[in-house]
Number of protein chains: 2
Amino acid sequence: MNVTIIDVAKKAGVSPSTVSRVISGSTRISAATTKKVKIVMEDLGYHPNLMAKNLVSRTTMTIGLLLPRNADEAFLDIFFSEVTRGILSKATRAGYDLLLKTGKSEQEELEAVTRLVKGRRVDGIILLQSRLDDTVIRYLQQESFPFVLIGRDRERPDILTVDNDNVQAAYDVTRHLLELGHRRIGYASGPLELVVSADRHEGYRRALEEAGIEPQPGWFVSTELVRADSTSAVRALMDRPDRPTALVVMDDLLAFSLLNSLSELGYSVPEDMAVFGFNDNPMSPVSSPPISSVDIGVYHLGLEAAGLLLRSVKGEQPEQRRVIVPHRLIPRESSQPIKVT
Amino acid sequence: MNVTIIDVAKKAGVSPSTVSRVISGSTRISAATTKKVKIVMEDLGYHPNLMAKNLVSRTTMTIGLLLPRNADEAFLDIFFSEVTRGILSKATRAGYDLLLKTGKSEQEELEAVTRLVKGRRVDGIILLQSRLDDTVIRYLQQESFPFVLIGRDRERPDILTVDNDNVQAAYDVTRHLLELGHRRIGYASGPLELVVSADRHEGYRRALEEAGIEPQPGWFVSTELVRADSTSAVRALMDRPDRPTALVVMDDLLAFSLLNSLSELGYSVPEDMAVFGFNDNPMSPVSSPPISSVDIGVYHLGLEAAGLLLRSVKGEQPEQRRVIVPHRLIPRESSQPIKVT
DNA sequence: CTGAAAGCGCTTACAG
DNA sequence: CTGAAAGCGCTTACAG
């Protein structure tokens, strides 16, 4: 059997309550007693049973991270590793553990979260995406369970979130391409149900319109089409008489697909098509050509999210409910001034 | 207050024991009672408190993964993401959760593991490295706590491990370079205290000696030197009259450093130096030149480790205590036949 | 097939 | 400053 608080109490000649108080560092315990108990704990190699502790104190010193993917797909995208790294870093420093959960559908996610909440397995939860009318978020809100969303929820501006200013970032990228002389600028989108896709599209649209350019529907490429058949999608785009000379691409991984297809069809980047991606994948600087991208500070998104959550868990009122992590444009060879043709 | 097993029992007109049995799917419960209780659970939105359950059943349905890094450095190397992906995939399918722990020194690791074990926070632990006379492993063994090591422990062949045949893999790589006509083949090592470094060096040495070549100490580059000043290390290597024409490099990340320094010093790969790495980093195929590497199946290492651990946790005797994950050489442009000079 | 009772290992008012 | 007692929400022999 493992050594319990009772064993320590007996050997130290005090009550279990006293031992408990020594462990929790409670005041109002004499220095002599504290010392005596600590020696006995050391002697016996005592470590508290955290399950028992959690049960009665209703706190776990653990935060849960919900990965909105199938278990074998989580961490395929470096976004997940980087955000986990940020969360882990902050949580560890604060003495919290990290529990990983996955869910490949809204239903699965809701189930996972319900088990975490009702099972009292964690003190708070970090979410990595929000859908329109997200049932997971609704559930957490209704249970008043501490959580932070990395991203933005359009319908509930009051929840705790950490996000980039994605509208501004896409605006900046589009402006950058405009300044390079491009006029026909296309947009390659991520999944349409995600707010981040809508936000970046919005920034793109705004920059073009400010420049007096009407974004053409034919300049829009969806990730679904690319995933199904990247080459066909690219061919359809390039066969247009008004084909774009530059593309704003929502994710570098998507940009890699597009580059492959462009090259397959005999086009070269940046000569025939300038490309500017997002999320600054580690492969972007070493790809040929190196891909221009936006560093969105994924590690910092995780760090800030964990910080915000921990404050919320401790019942502190955070000074701001929406944290914005700054972005940074990194132009590389894939986005060059337009050729004079 | 949350709804407990007692609330369910009252409303269903049975005892808490019976509700407990229904939850655990115990036999010897009448179909009628089972149905009645299940309806009430649904009605009340009952979910068991896992802390209470864990406390009495002494099982957590959670496995711990110990990342031998500082929290903010874990997941910087894709090896960690990939192995986590494998573990998560297997664990999730088996209904287990994953708890992440970090430790930047042996002392920290031991502390983290002690807390997990004594605190009864997890049912088993996965380790990602072993040192000589590893105190963490010794502790787990002495506590008879279920654990699996990804890697190999020279002193304790009896523990559960999942590993590549690293001696063979390095042997294969060296043979490959020999067949390309190289005779003076160097070796760039990882941290010397790791078994994997020693194993790969052993395979390299063996292949050379079989070919009647004496590996020169001057052909050996250590990761510590490279990390301190990659360019000096490479210059020292290249200034030798008997400088190597090919390098076996223990990790693609190390290979990237070496490539940079070689290029800085005006040498080109593979013309002046063939390079063959390990671990098949996602950047290796897209780097210029694409780097030859060994795919060691990191995802499968994680998958197998979790599988082995889960069997051990359930008290099953695994048919084999050492699982070997196969490796695969992927020659790319960085390793070409030797130039006839 | 089902229930009463004891117990898992802690914490926390309450009382002194 | 310290202790006795109750309780956190479950499970599991034991008995019938």
Side-chain angles (χ1 to χ4, degrees), chain A residues 1-41 44-62 114-123, chain B residues 1-41 44-62 114-123:
Chain A
M1 205 60 267
N2 250 300
V3 23
T4 74
I5 209 170
I6 306 220
D7 303 323
V8 176
K10 270 190 192 139
K11 182 148 179 197
V14 296
S15 74
S17 333
T18 301
V19 177
S20 173
R21 287 188 188 104
V22 169
I23 294 167
S24 67
S26 152
T27 48
R28 307 189 311 170
I29 293 281
S30 76
T33 313
T34 302
K35 194 172 173 189
K36 188 171 56 182
V37 170
K38 283 200 167 161
I39 289 174
V40 173
M41 292 201 301
L44 264 36
Y46 170 77
H47 280 262
N49 179 315
L50 299 175
M51 293 302 134
K53 182 178 175 139
N54 294 348
L55 175 59
V56 40
S57 69
R58 295 168 181 296
T59 163
T60 62
M61 295 301 280
T62 304
T114 305
R115 293 175 64 89
L116 287 184
V117 171
K118 295 284 189 179
R120 307 240 148 239
R121 291 228 52 189
V122 297
D123 296 344
Chain B
M1 206 57 275
N2 249 302
V3 24
T4 74
I5 209 171
I6 307 221
D7 303 323
V8 176
K10 271 190 191 139
K11 183 148 180 197
V14 297
S15 74
S17 331
T18 301
V19 177
S20 172
R21 289 191 187 102
V22 169
I23 294 167
S24 67
S26 154
T27 48
R28 308 189 310 171
I29 293 281
S30 77
T33 313
T34 301
K35 193 170 171 188
K36 187 171 58 182
V37 170
K38 283 199 168 163
I39 289 174
V40 173
M41 291 202 300
L44 263 37
Y46 170 76
H47 280 262
N49 179 315
L50 299 176
M51 293 302 133
K53 181 177 176 143
N54 294 348
L55 176 58
V56 41
S57 68
R58 295 170 182 293
T59 164
T60 62
M61 297 300 281
T62 304
T114 305
R115 293 175 67 88
L116 288 183
V117 171
K118 296 284 188 179
R120 307 241 148 237
R121 289 228 55 187
V122 297
D123 295 345

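Letters go in sequence order (proteins before strands), and every chain restarts at 1.
For the OP1/OP2 pair of D/dG9 and a distance below 4.0 Å, the side-chain nitrogens and oxygens of A/R58 include at least one atom meeting the criterion. OP1 or OP2 of D/dG3 sits under 4.0 Å from a side-chain N or O of A/T18.
Shown here for A/I23 and A/I5, the closest heavy-atom pair between the two residues is CD1-CD1, 4.0 Å. When all heavy atoms are compared, the tightest approach of B/M61 to B/D123 is N-OD2, 2.9 Å.
When each of D/dC10, D/dT2, C/dT2 is scored by its nearest atom to the side-chain atoms of B/S30, the top-ranked nucleotide is C/dT2. Of the listed nucleotides (C/dG9, D/dA4, C/dA4), D/dA4 has the atom at the smallest distance from the side chain of A/R21. For B/S17, the listed nucleotide lying nearest its side chain is C/dA5; candidates were C/dG9, D/dG9, C/dA5. Closest to the side chain of B/T4, from the set C/dA4, D/dG9, C/dC10, is D/dG9.
Few gaps surround CG on B/L44; more than 12 heavy atoms of other groups in view lie less than 6.0 Å from it. Residue B/K38 places its NZ atom among 12 or fewer non-hydrogen atoms of other residues, nucleotides or ligands, all under 6.0 Å distant.
For B/D7 (side chain) and B/T4 (main-chain N/O), a donor-acceptor pair under 3.5 Å exists by modelled atom type.
When the C1' atom of D/dC10 is taken as reference, atom CG of B/L50 falls 11 Å away, rounded to whole Å. Distance A/N54 CG to D/dG7 C1': 16 Å, rounded to the nearest Å. Between A/N49 atom CG and D/dC8 atom P the separation is 18 Å, expressed in whole Å. Protein atom CD1 of B/I23 is 10 Å distant from nucleotide atom C1' of D/dG9, rounded to whole Å. Following rounding to the nearest Å, A/K53 (NZ) and C/dG9 (C1') show an atom-to-atom distance of 12 Å. The interatomic distance linking A/M41 (CE) with C/dC10 (P) rounds to 11 Å, in whole Å. For the pair B/M51 CE and C/dT11 P, the interatomic distance rounds to 15 Å; values are reported in whole Å. The NE2 atom of B/H47 sits 16 Å away from the C1' atom of D/dC10 (whole-angstrom rounding).
No donor-acceptor contact under 3.5 angstrom links the side chains of B/R21 and B/T33, judged on distance only.
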(message) Please determine whether side-chain hydrogen bond (donor to acceptor under 3.5 Å, both in side chains) holds for the pair A/S15 and A/T18, giving the CA-CA distance in whole Å, both sets of side-chain angles, and the decisive distance to 0.1 Å.
(response) CA-CA 5 Å; A/S15 74; A/T18 301; 3.2 Å; yes
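Near DNA chain D, defined here as any heavy-atom distance below 4.0 Å, the residues from residues 31-40 of chain A are A/T33, listed numerically.
Nucleotide C/dA4 is matched to nothing when pairs are restricted to Watson-Crick or G-U wobble geometry with both distances under 3.5 angstrom. Across all strands shown, nothing is found opposite D/dA13 as a Watson-Crick or G-U wobble partner with both distances under 3.5 Å.
In this structure, B/G13 and A/A52 both approach DNA chain C, and ranking their closest nucleotides by distance from the 5' end singles out B/G13.
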